[in-house]
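In what follows, every chain begins at residue 1, and chains take the letters A, B, ... in the order their sequences are listed.
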Amino acid sequence: GGGVVHTIQVEVFQAFSTYAAIVGVKILLMGPLTAYYRFTKGAFANPEDVALKPAEERKKLLVTHPDVERNDLETSVPFLVLGLLFALKEPSLAVALLHFRLFAGSRLVHTVSYVGALPQPCRALSWMVGMGVNFSMAYRLLSSGLML
Amino acid sequence: GGGVVHTIQVEVFQAFSTYAAIVGVKILLMGPLTAYYRFTKGAFANPEDVALKPAEERKKLLVTHPDVERNDLETSVPFLVLGLLFALKEPSLAVALLHFRLFAGSRLVHTVSYVGALPQPCRALSWMVGMGVNFSMAYRLLSSGLML
Amino acid sequence: GGGVVHTIQVEVFQAFSTYAAIVGVKILLMGPLTAYYRFTKGAFANPEDVALKPAEERKKLLVTHPDVERNDLETSVPFLVLGLLFALKEPSLAVALLHFRLFAGSRLVHTVSYVGALPQPCRALSWMVGMGVNFSMAYRLLSSGLML
């Protein structure tokens, strides 16, 4: 009865908390990762970071390196918001965990593909899995009742 | 009495879920839209995407095109967070829907203006409407009681 | 008993609402700040914004200025999501306020350092404080019970 439903909801919320913390930490680590690329590949975005370098080196360093610009906010922000609202719609724990695990796994593969510059299919496929999870959660939200 | 208040709260939350799903899907679609611009306008952000092209073409393609950089995370992230907290502050359904509809409409006009490169007033005005909605929700949150 | 616990939870949530509104407004203000830099420093990201300028000026204006690219979404998005989940884990009001105040203060110093181009230690230190708050909240979420 009600007790079982309540237990499942608590577990779904616990699952969302766990995966949201993992995805949040991953977003945070993109900053240091970018900084690492900036220093190893000599690409700086901010003039004051290179103010102490000789004049002829400065111009070269102020190039925005493609590696520096990489981020996954456009995929992770929708996951964090849609996932929270999805968790509040009382899905079964198995369905919720399937979504959260697929998303976290796909982003891990995506980041490894990015950093290691693996050949294109890996990054593109992991991006598609993450998109699929997000669209599935959005569909479940919208199909559970529209209020426009 | 209490029953009516509860019904309104459920409806406000349903309305937020609906519009958050729409805004979340819109953020997700910015990625493919960017990819579309990359291929049609020949701007690539990642070296491995152009690794198979001839050497003289590579350099040209590695330009970050302005179209590629366009995103609306800076407006949509505050909406998603402020909107959730605003929905929990028990606004009337009419007031909540007014905020959510104006925001979703303004972002739709903003994206269409961006993609179609309409003359400036359209994009600037739609951006201002979205900002106004966000500031109105922030004001309601802060005026309902500060805890600093 | 239960009443006191409930009062504390309401206050923690009120505190999160207050600081989330402040951080949300700060994200919103990054847009106009960027626009201000675009006009004062002559850096434009969108071709249609400079369509009325003479041809030889256009090319020069279409440079993406480093100032324009600065944003703090990568730090603020995790704060907003981790902070909400952290507030729901029933921390004491003192611990919650410590986290929220440190984060808001560190982002204020970070933005002032950015805009005023203060020497590097200020911006780097404020960034580290914000990261510390986020990691502390993520640790509390994960240590309160994993559901993987």
Item checked: B:Asn134 side-chain N/O to B:Thr75 backbone N/O, donor-acceptor pair under 3.5 Å -> yes

Margin query: Checking the side chain of C:Glu11 only, and the main-chain atoms of C:Leu93 only, is there a donor and an acceptor separated by less than 3.5 Å?
Written below: no

Sort [X] into side chain, backbone, both or neither according to what part of it lies under 4.5 angstrom from a heavy atom of chain C.
{"X": "B:Leu80", "answer": "neither"}
{"X": "B:Leu85", "answer": "side chain"}
{"X": "B:Leu141", "answer": "side chain"}

Check: Out of curiosity, B:Phe103 CZ to B:Met137 CE, how far, rounded to the nearest 0.5 Å?
Finding: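 Result: 7.0 Å between the selected atoms.
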
Next item on the list: Mind ranking C:Ala20, C:Gly24, C:Ala21 by heavy-atom pairs under 4.5 Å with chain B and telling me who comes out on top?
Entry: C:Ala21

Next item on the list: Could you walk me through whether C:His99 and C:Phe16 pass side-chain contact (heavy atoms from CB on, under 4.5 Å), step by step?
Entry: CA-CA 10 Å; C:His99 282 79; C:Phe16 177 71; over 6 Å; no

Checklist line | Atom group of C:Leu28 that falls short of 4.5 Å from chain B, counting heavy atoms | finding: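 For C:Leu28, backbone and side chain are both near chain B.
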
Notebook entry, point to check: For residues C:Lys26 and C:Thr111, is any side-chain donor paired with an opposing acceptor at under 3.5 Å?
Noted result: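 Judged by distance alone, the side chains do pair up.
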
